[in-house]
Amino acid sequence: MKLKALILACAAATSLFFFTGCSDSPSEVVEDFADAMSEANLDDAKEYTTGSARKDLNGMIESLEKAPESMKEKILEEFKKEMGSKMSNIEVIGEDIDGDNATVKVKMIVVEEEKVTLKKVDGEWKINKL
């Protein structure tokens, strides 16, 4: 579920949007959508979608609703952890409006936490494992 949710959300954020909502521009809709997703506010995020993006979010919401109550909070926390680092760091780099359709080009700045193992060799630190 986590991987599918991540893939669907990233695809929705970077694909062609047919926007609804009260934001002034397509770029603002993408930014508002990304903010909602980074906070795991799926119902709020859904308000910025239509078409296949809305269908994908509805599927995610339905899956969450079917999860046991004891798991829902954990699922949302994991989603927030994964999406927070991806969706909260987007930069709008272009916008193209064609009538009632728009494409917003975004750069996703992915910040992931990794561990790097080092070892001291002859008094100098060297990376031992990535």
Side-chain angles (χ1 to χ4, degrees):
M1 151 89 175
K2 183 171 74 168
L3 180 59
K4 183 178 180 185
L6 176 62
I7 292 168
L8 293 174
C10 290
T14 58
S15 65
L16 178 66
F17 284 89
F18 295 35
F19 296 103
T20 62
C22 58
S23 296
D24 292 330
S25 73
S27 294
E28 288 179 10
V29 170
V30 171
E31 290 168 342
D32 292 345
F33 172 81
D35 288 344
M37 290 296 285
S38 71
E39 293 296 320
N41 294 326
L42 302 181
D43 287 324
D44 290 349
K46 186 171 80 168
E47 295 304 313
Y48 297 104
T49 66
T50 190
S52 65
R54 170 75 54 106
K55 183 179 176 185
D56 292 342
L57 274 173
N58 281 336
M60 291 166 47
I61 291 167
E62 288 172 16
S63 294
L64 181 61
E65 289 171 350
K66 291 177 184 175
E69 283 298 320
S70 61
M71 295 295 296
K72 287 182 182 179
E73 188 174 326
K74 183 176 180 177
I75 292 168
L76 283 174
E77 283 302 313
E78 281 296 314
F79 183 86
K80 188 175 180 179
K81 182 180 172 184
E82 289 292 320
M83 295 309 298
S85 68
K86 294 180 177 37
M87 300 300 279
S88 64
N89 293 306
I90 68 164
E91 177 185 344
V92 173
I93 56 176
E95 176 182 276
D96 182 36
I97 300 172
D98 183 16
D100 289 336
N101 298 314
T103 302
V104 176
K105 188 174 183 181
V106 298
K107 181 192 303 185
M108 297 181 86
I109 304 162
V110 178
V111 179
E112 293 187 20
E113 192 174 295
E114 297 289 336
K115 289 184 180 179
V116 178
T117 304
L118 294 94
K119 183 175 182 166
K120 204 175 242 188
V121 177
D122 297 326
E124 294 183 15
W125 286 108
K126 303 286 183 176
I127 295 174
N128 188 45
K129 186 188 273 186
L130 295 175

Salt-bridge present (Lys105, Glu95; N to O < 4.0 Å): no
Charged N to carboxylate O under 4.0 angstrom, Lys80 versus Glu77? no
What's the separation between atom [atom1] in [X] and atom [atom2] in [Y], rounded to the nearest 0.5 Å?
{"X": "Lys72", "Y": "Glu65", "atom1": "NZ", "atom2": "CD", "result": "6.5 Å"}
{"X": "Ile75", "Y": "Leu64", "atom1": "CD1", "atom2": "CG", "result": "6.0 Å"}
{"X": "Met71", "Y": "Glu78", "atom1": "CE", "atom2": "CD", "result": "9.5 Å"}
{"X": "Lys107", "Y": "Ile90", "atom1": "NZ", "atom2": "CD1", "result": "12.5 Å"}

If every non-hydrogen atom of Thr49 is compared with every non-hydrogen atom of Arg54, which pair is closest and at what distance? O-NH2, 2.8 Å
Which atoms form the tightest heavy-atom contact between Ser38 and Asp35, and what is the distance? OG-O, 2.8 Å
Is there a chain of hydrophobic side chains (I, L, V, M, F, W, Y, each step under 4.5 Å between heavy atoms) that links Ile97 to Val104? no
Report whether Ile61 and Phe79 are members of the same hydrophobic cluster (ILVMFWY, side-chain heavy atoms less than 4.5 Å apart, transitive linking). yes
Validation row: Met37, Leu42 side chains within 4.5 angstrom (heavy atoms): yes
Any chance you could lay out the side chain to side chain contact (heavy atoms under 4.5 Å, CB included) test for Phe33 and Leu57, step after step, and finish with the verdict? CA-CA 11 Å; Phe33 172 81; Leu57 274 173; 3.8 Å; yes
Please check if atom NZ in Lys81 has more than 12 non-hydrogen atoms from other residues, nucleotides or ligands closer than 6.0 Å. no
Can you confirm whether more than 12 heavy atoms, excluding those of Glu73, are under 6.0 Å from its CD atom? no
